[in-house]
Structures are given as C-alpha cells and as structure tokens.
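Naming: A, B, ... by sequence-line order, numbering from 1 per chain. These numbers come from the heavy atoms of this one structure, side chains and all, not from hydrogens, waters or symmetry mates.
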There are 2 protein chains.
Amino acid sequence: MNVQTIFSALSDPTRFAIVEQLLEKGDQTAGSLAEPFDISKPAISRHLKVLEEAGVIERRIDRQFRSFRVRPQSMRSLDDWIGRYRRFWQTSFDRLEKVLQDKKEEENTDADRD
Amino acid sequence: MNVQTIFSALSDPTRFAIVEQLLEKGDQTAGSLAEPFDISKPAISRHLKVLEEAGVIERRIDRQFRSFRVRPQSMRSLDDWIGRYRRFWQTSFDRLEKVLQDKKEEENTDADRD
DNA sequence: GTGTTATTTAACAAATGAGGCAAATAATGA
DNA sequence: TCATTATTTGCCTCATTTGTTAAATAACAC
C-alpha cells in the first residue's frame, strides 16, 4: 500500500469528501455518492476509479447491489506512516512548544526593556 | 489547519519525499533538500513554497542560517483526522477480514466445483 | 562596497487533471 | 429478449501544475 499514492488520491476535494462520506456513513453506491456534488456522474465515476486504483476504496458487487467502501488497510497505512514519524514530530512538537515559549518570554522581556 | 490542503501538499512525490526527509533528518536548507533530486533549484523552491503555504513546513531564519522544518501541528492534524475515523475503519477492518476470509473460502469452493 | 554563494521570481512550454456531453456497457426486471 | 436504470468510456476543452532557463534578490565574507 503506497502512502504517497494515497495522498495523491485524497488531494482532490471531491475525492476527499467522498472518502469522508464513506467513512461516516458506510458503504454507498456510486449514485448516492454523486448526489451531494454539483458535478456529473461521469466525473464522480472517474474519481471513484482513482480512489479505487490507489487502494483507498473498493468496489463491492454483491448480488444486485454494487457499492463502494473504504479499504481499512489504506487508513491503516496512513496511520502507520504518521506513526512511524510520531516520535520525531511529537518530540519536536514538545521541544518547539518550549522554544516558542522561551522565545516569547524573551521577546516580552526585551520589549519591556525598550 | 486544513487537512485536505495537507493532502494536496503531500500529493506530489517530490514534496512527499522532502517532507519525509525533514521528518527523518530534521531541519535542512533549501539547498540540501534539493540535492537528492534531479530537478532544478527553482522547482524545489516552489515545492517548498507550496508546503509552506499548506502549513506543512515552515521557514526558519535564524541568524546566518535559513532552513526548513516540518510543522508538527500539520502532522498532528493528519493524525487527528485519521483518529477521528479510527473506530469506523478499525472495526470495519476486523469485520472485513472475516467477510473476505469467508468469501475467499466460498470462491475456492466454487472454483473447485467448476 | 565587491565578489560569491544561496534562493527566489519571472516568463514560458509541456504535462496533467478535472469537468462536460454523448455514446457504450452493465445489471435488473418485465 | 427488450426496456429501463445505473455506471463507465471516449473525446474534447479549459485550468492548473510542474519543470526549465535567465535574471533578480538576499545573505555573507572580504
């Protein structure tokens, strides 16, 4: 599961919204996914294809129903990616917080001096 | 911090690699960030600008040094976004695992029949 | 100030992406 | 099979993005 590809797939506002929709409401057909948007069905269809090829969603054909759903693996990949760097950004976040705090205090002191 | 904008910023392979580089190695100058890539400095400069405007990185000018670093807040935003839906994709992940397993067994049975 | 290195802006060409409409293809039900 | 509804493909247009080179700026060291 290529994380960079997932980012690309979610870089479009419509696709991002589609995925949020699926995450919140669960499986849905292409038609109902298209409904909230002001763009044509073919356009939605193509967005769905992009998401599918990136492995973000999958098409499910179950008897008379065809619907889409988010592939949990893709979310897990994103989660893993962020997690892999968590200690870097989290520690640097803490460190940064402190630095900014110190700096602010320092500046205030300077200001007070002036 | 707009998550969708962050996804857009990270949708380009070069920008994605730049961010990974910064996460792994810490602060770096535009020059050293450009080095591993086969594209021109101006191109990198613009990628850095896109990342900066999306709030993914920030430019730091500290005495004689100018460098870039990842803004931890952006990573935290991504993390929050995924976290917000975690229970949806995580539970459906477990459920899905089972469904797929069942389905696979069923298909194999069908195949064996043919 | 001058020269030197690092980085950004300007101007432009090529590639990519998103959207629309019409036609083609699937899937369902009579 | 035929009609109907749902979805996808083909083809074209327009806008945005990415990359290039040359020139402009910035930051430093003398």
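Annotation: the terminal axes of the helix from C/dG1-D/dC30 to C/dA30-D/dT1 meet at 30°, where each axis is the rotation carrying the C1' atoms of four end pairs onto the next four (5 pairs per end, rounded to 10°).
For DNA chain C, no neighbouring residue in residues 16-37 of chain A is found when judged by any heavy atom under 4.0 Å. Listed in residue order, the members of residues 2-10 of chain B having a heavy atom less than 4.0 Å from DNA chain D come to none.
Note that CD of B/Q90 is 11.5 Å distant from CD1 of B/I82, once rounded to the nearest 0.5 Å. Atoms OG and CG, from A/S74 and A/L51 in turn, are 9.0 Å apart once rounded to the nearest 0.5 Å. Taking CZ of B/R71 as the start and CD of B/E52 as the end, the distance is 9.5 Å to the nearest 0.5 Å.
Hydrophobic clustering (ILVMFWY, side-chain heavy atoms < 4.5 Å, transitive): A/I57 and A/V50 are in distinct clusters.
Between the P atom of D/dT7 and the CZ atom of A/R59 lies a distance of 10 Å, rounded to the nearest Å. In this structure, CD of A/E53 is placed 12 Å from P of D/dT8, rounded to the nearest angstrom. One atom, CG of A/L48, and another, C1' of D/dT9, lie 15 Å apart when rounded to the nearest Å. Across the protein-nucleic acid pair, B/L51 atom CG and D/dT17 atom P stand 14 Å apart, rounded to whole Å. Straight-line distance from the CD1 atom of B/I57 to the P atom of C/dT7: 13 Å, rounded to whole Å.
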What protein N or O atoms touch nucleotides 15-22 of chain C N or O atoms at under 3.5 angstrom, if any, and at what distances?
| residue | atom | partner | partner atom | Å |
| --- | --- | --- | --- | --- |
| C/dA18 | OP1 | A/D12 | OD1 | 3.3 |
| C/dA18 | OP1 | A/R15 | NH1 | 3.3 |
| C/dA18 | OP1 | A/R15 | NH2 | 3.2 |
| C/dG19 | OP2 | A/H47 | NE2 | 2.5 |
| C/dG20 | OP2 | A/S40 | N | 2.8 |
| C/dG20 | OP2 | A/S40 | OG | 2.7 |
| C/dG20 | O6 | A/R46 | NH1 | 2.8 |
| C/dG20 | O6 | A/R46 | NH2 | 3.1 |

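Residues forming a ring pair (Phe, Tyr, Trp, His ring centres under 6.0 Å) with B/Y85 (at least two apart in sequence, or on another chain): B/W81. Residues that satisfy the salt bridge (charged side-chain N to carboxylate O under 4.0 Å, His left out) test with B/R84, not counting sequence neighbours, are absent from this structure. With sequence neighbours left out, the side-chain contact (heavy atoms from CB on, under 4.5 Å) criterion links B/Q21 to B/K25, B/Q28, B/L33. By the salt bridge (charged side-chain N to carboxylate O under 4.0 Å, His left out) test, B/D12 pairs with no residue at all, sequence neighbours left out. For B/S77, the side chain to side chain donor-acceptor pair (under 3.5 Å) test picks out no residue, with sequence neighbours left out. Qualifying side-chain contact (heavy atoms from CB on, under 4.5 Å) partners for B/N2, counting only residues two or more places apart in sequence or in other chains: B/Q4, B/T5. Listed by chain and residue number, A/R60 satisfy the salt bridge (charged side-chain N to carboxylate O under 4.0 Å, His left out) test with A/D27 (two or more places apart in sequence, or in another chain).
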Review item, side-chain donor-acceptor pairs of residues 34-48 of chain B, under 3.5 Å, at least two apart:
| residue | atom | partner | partner atom | Å |
| --- | --- | --- | --- | --- |
| B/S40 | OG | B/A43 | N | 3.4 |
| B/H47 | ND1 | B/R15 | NH1 | 3.0 |

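Here the side chain of A/T29 pairs no donor or acceptor atom with the backbone of A/S67 at under 3.5 angstrom.
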